[in-house]
Each structure stands twice: as C-alpha cells, then as structure tokens.
Amino acid sequence: MKGPENIRSRAVSFFTEIGEISYFALRFFREVFRPPFEFRELIRQCYNIGNRSLLLVCVTGFILGLVFTLQSRPTLMEFGAESWMPSMVSISIVREIGPVIIALICAGRIGSGIGAELGSMRVTEQIDAMEVSGTNPFKYLVVTRIVATTLMLPLLIVIGDTVALLGSAMVENLKGAVSYQLYFNEVFDALKYSDIVPATIKSFFFGFAIGLVGCYKGYYCSKGTVGVGEASNAAVVYTSMLLFVIDFIAVFVTDIFFEVQ
Amino acid sequence: MKEDRSIAPVLELRALKKSFGDNHVLKGFDLQLHEGEILVVMGKSGSGKSVMIKCLVGLMQADAGVIRIKGYNITELGQTELDILRTEIGFLFQGSALYDSMTVRENLEFPLRHHKEKLRITETNEQLVLEALENVGLAEAIDLMPAELSGGMKRRVALARALILKPRIILYDEPTTGLDPITSKEIIHLMRNIQKKYKTSALIITHDVDCARVIADRIILLVDGVNYIEGTYQELIRSDDPKVQAFFKT
Ligand SMILES: Nc1ncnc2c1ncn2[C@@H]1O[C@H](COP(=O)(O)OP(=O)(O)OP(=O)(O)O)[C@@H](O)[C@H]1O
Ligand SMILES: [Mg+2]
C-alpha cells in the first residue's frame, strides 16, 4: 500500500513549507527596517487593498449584523432578555465574529489577488527583470504588500464591525422599536477595553498572515500558468487555516492577560 | 586576432556548471566577452542558453565555476555592489518581461528610480524615456499599457528599458524568437545601431542563423553543456563537424 508513505511525504512537505514560510517572514523583518523604503508603492498598495475590499467588507458586515440579530431575537425573547441584545451582539461581533469573518473575506479577496499577481510576475520573469535592473524585488513587491495588509486589515475590520452593528441596530429599530441612539448607548456601555484592545491586536496579525502567505505563495510560484492558479488558491487555503490558528492563540493569550484579574 | 587581446574581458565565465537534479545542463561552459565585441551564443532549444545567461547576472546560482563581470567575481559581491554592477548591464528577456501593471513610460522609468544619482545621469526622466523610445522607434507608445502592444512592440519596449541606464554591456536572450522575419530584421538592425551609437559590448543568445550571420563578431556553439566550438561565422560554416553543420546547413 502507498498510504503510509503518502502520508509521510505529505507531512514532510507540510513541515518544510512551514519552515520556508518562517524563513520568508524572517527575511521580511530583516528588510522592512532597512532603507531604501518604497513609500509610494506602499501607499499604492494600501489604496488598492482598501479599494478592492471596502464594499465587500461593508456588505458582508451589514448582512452579518442583520442576520445575527434576527437569529438571536427569538431565543432572547424567550428569556425576556431582549434588552441584552446590543451588548451581546456588540461583544460577540467586536471580539470574535467580526475580525474572523472579515479576515476570511480578505483572505479570499486580497490574499488570492496577491498570490496570483506575484505568481504571474514570477512566471513571466518580471520579478527577475526587477532584480537585474538593480531594484530589490523582495522589498518592492513583498515588503510593501505585507506592510499594507498589516496596516489595512485592522481598519477594514473596524469599518466592518461598525457596519455590522448598524445592521443589528436596524433590526432592533424595526422589530423592537429601539432607537438607534439607545442601541448605540448600550453598545458603548457594554464594550470594554478588554474587548477592543485584544481584537485590534489580533487584526494586525490577521493582516500580516494574509500578506505573508499570499506573497510567499506568489513569490515562489512554480513555473507555468497552472502554477499561478495554484499559488492563488493555496494562498487562500493556507491563510484561512492560519487565521484560525492565530485566532486560537489570540484567545488563549487574551484569556491569560485580561480575564484572570 | 580577437582572442589575443591583452585587456581583460568585460564578461567572463569559467567552467560554469549547473544541474537541476539529474539534468546536467551546463557541464563546464567557458565564455569571454571583450570590450566592444558582439558575441553570439547558439545552441538547440533546451541546451541551457537561458540558464547560462541567468547564472551570468546572478538570477540563478551556479553549482560551480567563476563568473566575472568587469573583473568582479559576482559570487563574492554583496547585494548593494551587485545591484550597482547590474546597472551597467542591460538584459533583454526572452519573453520581454514588461511590468503588466505599469504603462510603457513607467516601465522605462523603473530602472531609473534608485540609480540615477549614482550614475551621475543629469537628464530628466522624461528626456531619458523619450530618447530610449526614439531609439527603438516607439515614441508614440509611451502611454500605452503592455497588454496593448504587439509582440514585436513589446520586444522593442523591453529593449528600450534595457538601454535606459546606458549600460556598457547588453545581454540579449533570443531577441528575435517568435517574431516575423521583417520584425526580426528590424530588431537586428536596432541592435546594430545601438552597438554603433553607444559602443557597447553585447552577448546575444539565439538560434536564428540569419541573426548570427549579420551581427556576430564571434560565435560560440553551446552543445551538450560545453562550448563546443568557437569562431567567426565564416569559420563555422566551413566546418566539417556534423554537429556544427546541423546548425548552419538547412
Ligand atoms: N528553473 C528550472 N528548474 C528545473 N529545470 C530547469 C529550470 N530552468 C531550466 N531548466 C532546464 O534546463 C534546461 C535548459 O533550459 P534553458 O531555458 O536554458 O534552455 P534554452 O537553451 O534557453 O532553450 P530555448 O532556446 O528554448 O530558450 C532545460 O532542460 C530545462 O528543463
Ligand atoms: Mg531560452
């Protein structure tokens, strides 16, 4: 049977990949603080990322808040606890659902885009051309993109969370006749620093993961157009997995720092 | 005799070896390019010409051998020194390798971003870009995207980009492959004009016999991973060796 051998070779390539990505991340940290800096390209990438995903994030966030509230209403009503709605929704969206869902959407949107773009640049020798023209392609292409996703994701998540809460407030307003002002007063009462700070820190890591994996997959794309498709696909799959791992670790760490008081 | 020059060659490869697994592509390839010379390397498809030229500029790591550019051993240089040395080399890629996301103008400006000051170039970017495009006869394409250009135009823009820093050495990887005979002739004509105008040295990789006949000062045949034979076009076509004849007698 080829089964066990197959599993072993897969395990080996899995761990090799983890090693290579770690090395890639290391190289990023070595180059990110070393001049020359590519500010213009960084701004352009930030703009691209925001531009590409803002609408998507808003629509998803809105529906998320809407559906979440609609689904929870009957249960809360059963206990006569509708007044808890704003605090429950806001805490779960800000702490967990918002960041994770929006990061997953961005992995699909931004991560795959980066994978495909760098992959096709690799395959058509554009990255080689940069290198021979005396520009460090790692700095120009990879560092700017990773920094851009790391900076932009928290922003997108804040926007997505806000829109989700708006969606939720709308349901409460229509179904429960709660005014928007009352709803958001409740929300701000419910949210504590210990909800917001860890979630924000977490979203920086999400952004970093999306940029890192997308760039890694694209930058080392194997030859051919098939490779480009694979790079963009693998970027999404690996990033999604990594996002959950980061989330798990983040929850774990948050628990240690904020709950045990 | 050209080989007897006492001055050091601008490019030199010695005993270059490169394998991919069991595929031994280069098995000890030697090459010397002298100042002002046009050297043509010919070889079958898949014989390792592109691999050789990529090792030469450090895009690929050679397994063994010495690579010298203007006397510097490139494996001993740091990244910064290598980048500076690379500004003296123009490289025309087999597939043109224009940056898809940039216009023709931005493509040409790209090599200028970090190196203008170091090279003491005083012209503005605009002047340099226009001059380079006029050299290849494509000044009107300045604001087009690469996707809007034909294959031949792409090749010419790529040539303009390779020339923008006024390099002393130009490497061409199959400059005429995939083009119709007329466009090929134009490209060959361009390469000769550039040679005359800027007094550069050039290494041309090709399997186009016409191109070699028109332009080469000297030809090297790359067969089975080594430089099989070396000489002028006239010398090579008179050779009795069957492997050499396979190239020239069709
Ligand atoms: N990155 C790579 N990985 C593995 N093998 C490679 C790689 N690049 C080239 N090769 C192998 O090296 C050999 C030479 O390839 P190369 O591209 O140098 O050929 P070439 O002489 O330029 O051919 P052509 O005239 O078609 O361009 C081929 O057998 C190819 O399979
Ligand atoms: Mg080739």
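So you know, we letter chains A, B, ... as the sequences are listed, proteins then strands, and number each from 1.
- Other residues, nucleotides and ligands contribute at most 12 non-hydrogen atoms within 6.0 Å of the OH atom of B/Y72.
- With a 4.5 Å cut-off on side-chain heavy atoms, A/D128 and B/F91 do not count as touching.
- Taking CZ of B/F110 as the start and OG1 of A/T135 as the end, the distance is 4.0 Å to the nearest 0.5 Å.
- With hydrogens and angles ignored, the 3.5 Å screen pairs no side-chain donor or acceptor of A/E131 with any backbone N or O of B/L59.
- Surrounding OH of B/Y198 are more than 12 heavy atoms belonging to other residues, nucleotides or ligands, all under 6.0 Å away.
- The neighbour count for A/Y47 OH, taken as heavy atoms of other residues, nucleotides or ligands under 6.0 Å away, does not exceed 12.
- At most 12 non-hydrogen atoms from other residues, nucleotides or ligands lie less than 6.0 angstrom from CZ of A/F205.
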B/K54/A/E125 under side chain to side chain contact (heavy atoms under 4.5 Å, CB included): CA gap, chis, key distance, verdict: CA-CA 11 Å; B/K54 281 181 186 164; A/E125 298 183 315; 2.8 Å; yes
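- Heavy atoms closer than 4.5 Å to chain A are found nowhere in B/I164, neither backbone nor side chain.
- Within 6.0 Å of NZ in B/K44 there are 12 or fewer heavy atoms belonging to other residues, nucleotides or ligands.
- No more than 12 heavy-atom neighbours from other residues, nucleotides or ligands sit within 6.0 angstrom of CZ on B/R14.
- Taking every heavy atom of both residues into account, A/S133 and B/P111 meet most closely at CB-CB, 4.0 Å.
- Neither the backbone nor the side chain of B/M60 has a heavy atom closer than 4.5 Å to any heavy atom of chain A.
- The distance between the ring centers of B/Y99 and A/Y140 does not fall below 6.0 angstrom.
- With rounding to the nearest 0.5 Å, the separation of CD in B/Q79 from CG in A/N136 is 6.0 Å.
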